[in-house]
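Computed from a prediction, not measured in an experiment: that's the story for all the values here. Chain letters run A, B, ... following the sequence lines, proteins first and then strands; every chain starts at 1.
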Amino acid sequence: MTISTHSASLFHSKILEQATRIQAMAEVKTRFAPSPTGFLHIGGARTALFNWLYARHFGGTFVLRIEDTDAQRSTQESVDVILEGMKWLGLDWDEGPFYQSERRELYLAEIEKLLAHGKAYRCYCSREELDEKRTKAMDEGKKPKYDGTCRDRTSQAEDKSFTIRFRAPETGKTVVDDMIKGKVVFDNGELDDLIIARSDGSPTYNFVVVVDDATMGITHILRGDDHLNNTPRQIQLYDALGYTAPVFGHMPLILGQDKKRLSKRHGATSVMAYKDMGYLPEAMINFLARLGWSHGDQEIFSKEELIRLFDADNIGKSAGVFNEEKLLWLNAHYIKSRSNSAVAELFLPALKAEGYATQTPPPDAAGEAIKERAKTTLELEAMAKIFYSNEITIDEDAATKFITEDKIEMLSDFAEGLKSITPFTEESISAYMKSFVEERGIKMKNVGPPIRIALTGTMASPDLIKVIKLLGQVESATRIRNALKKTP
RNA sequence: GUCCCCAUCGUCUAGUCUGGCCUAGGACACCGCCCUUUCACGGCGGCGACCGGGGUUCAAAUCCCCGUGGGGACGCCA
């Protein structure tokens, strides 16, 4: 293909122009906008995750915004715990946190604009009147929408307090072209004039969310299903304000075991509560990602993989039950796939805090011995203590069953023989045990359990040879003798 | 009540858009067997689902309609 220099450069600039436009279009900006009225809960965390993933997948921007327009219920402590939760999950934001409480002038200016253009009006109806009308409408089997008493009022009402309502279109349809649900059509007749400013002058959620998303340049909004009914009103507000609406994606809600919307009633719903129960952030992320999103049959996803693979196409449409057992399985998976030293890091802080000396045995070795058995870091800590405690608690039932009188001599001999093993390695311990049972003509299954109980206090423990090796010759022998002392 | 959304094993889901490859696949849980000095891990196997009814079609989990069921919204909360 040959083209003249002139047209070539023209061609070039066209391409350039187009590329810029495509890039501008491809620029993705998402946000997570929690209201600081509690902790970061499971549902909120998933919303944050999906928006974060969407932004990261497209190399876009992720914004954190605090929706604190409800001064009554918003608290700084709540902001703090939400940020803590985000950090724990590793969901970093590029902009913010922005506080709606600091953007008040902007909202008021926008409300004035609406008022000036007749797109909003003052409503003098009292709460009591409204409540009455609502109840009445419900009783009559009608949708309890505002009846428009003040919409066409011409008389100037004096000193009475008022709210400001948006003058919504009464006819026609509003279409939400949802990324997840597809096209959802609402009859404008179903919608009413929502309050955009309270009687104290403060703007309400449905209004500020629009102003914020528009002025912050948010391009995609992934949020809970429960907002779907708000969306047509918000779209109308975008129009009235002269903004372009972002793309919406309404994801299904997370349900409790009883298939009701997940709430405190269902037990732990705070993300940080799971941290305290010994869960790893990567397990939580993986779990949340798979709750409502899928990639074929794959179950395990690293964060990097999620960023690479995440897309809105594979977000499911139906609500899902929060399945704690699967979370636990994932947690166990992430514990056992850690390196030995990374496992040690999981239990070391707690043991040190409780005053344990954690030099011997080497924490890495202890980590290796227990990581396949623990499902939570709490269990990891409990198991690790077996190696670092001076005193172990022996399970009584197990002891009476296995450390019987006829075993005393054998156990005492075993402890004695332990001392002479040189070098003290897993191989030599194994050889010692083998010859010990052979010499006596007894079975391993007769010596194993009592020794295990004497050493660890329980029947559920790591490999016996490893335990002996880790505990060392002296400690192992001591524990066996101590156990015998307790046996009558 | 009105409006909106949804519907595959007990649970999370693949498959649905673009009908046939589906005697419906994977995972968690559960059960059994194997491995084994215990408990686990791991391996193998089992149990187990297309909500119902119509229609379209040679062919429906897949498309359409109607039921039913579940969820959500209906606030001077977000």
### Task
Spell out yes or no: do the side chain of A/Thr204 and the base of B/C76 have one donor N/O and one acceptor N/O closer than 3.5 Å?
no

### Message
Under 3.5 Å, is there any donor-acceptor pair linking the side chain of A/Glu372 to the base of B/G42?
### Response
no

### Message
Tell me every residue that passes side-chain hydrogen bond (donor to acceptor under 3.5 Å, both in side chains) with A/Arg308, counting only those two or more places apart in sequence or in another chain.
### Response
none

In terms of side-chain heavy atoms of [X], which of [options] is nearest?
X        : options             : value
A/Met459 : B/A27, B/U38, B/C41 : B/U38
A/Arg373 : B/A73, B/C39, B/G25 : B/C39
A/Lys336 : B/A73, B/U11, B/C41 : B/C41

### Query
Should A/Asp192 and A/Lys143 count as an ion pair when the cut-off is N to O under 4.0 Å?
no

Using a cut-off of less than 4.0 Å, is there contact between a side-chain N or O of [X] and OP1 or OP2 of [N]?
X        : N     : result
A/Ser461 : B/U38 : no
A/Arg261 : B/A73 : yes
A/Thr69  : B/A78 : yes
A/Lys143 : B/C74 : no
A/Arg134 : B/G75 : yes
A/Lys317 : B/U16 : no

### Message
Would you say that A/Thr231 contacts A/Ile235 through its side chain, given a criterion of any heavy-atom pair below 4.5 Å between the two side chains?
### Response
yes

### Query
With a 4.5 Å limit on heavy-atom distance, are the side chains of A/Phe207 and A/Leu241 in contact?
yes

### Task
Could you pick out which residue, A/Lys260 or A/Ser161, lies toward the 5' side of RNA chain B when each is mapped onto its nearest nucleotide?
A/Lys260

Specify the separation, in whole Å, of atom [atom1] of [X] and atom [atom2] of [N].
X        : N     : atom1 : atom2 : answer
A/Leu253 : B/G71 : CG    : C1'   : 8 Å
A/Leu291 : B/C12 : CG    : C1'   : 7 Å
A/His333 : B/A29 : NE2   : C1'   : 18 Å
A/Arg65  : B/A78 : CZ    : P     : 13 Å
A/Lys443 : B/U38 : NZ    : P     : 14 Å

### Message
Taking the six-membered ring for Trp, are A/Trp93 and A/Phe32 closer than 6.0 Å centroid to centroid?
### Response
no

### A/His220 ring center within less than 6.0 Å of A/Tyr54 ring center
yes

#### Entry: Whole-angstrom distance between B/C3 and B/C12, as gauged at atom C1'
30 Å

### Message
Would you say that more than 12 heavy atoms from the other residues, nucleotides or ligands in this model lie under 6.0 Å from the CD of A/Glu132, or not?
### Response
no

### Task
Identify whether any heavy atom of A/Gly224 sits under 4.0 Å from a base atom; if not, whether one sits that close to sugar-phosphate; answer base, sugar-phosphate or nothing.
nothing

Output one line per pair: protein atom, nucleotide atom from nucleotides 34-37 of chain B, and distance, for all N/O pairs under 3.5 Å.
residue: B/U37; atom: O2; partner: A/Arg452; partner atom: NH2; Å: 2.2
residue: B/U37; atom: O4; partner: A/Asp463; partner atom: OD1; Å: 2.5
residue: B/U37; atom: O4; partner: A/Asp463; partner atom: OD2; Å: 3.4

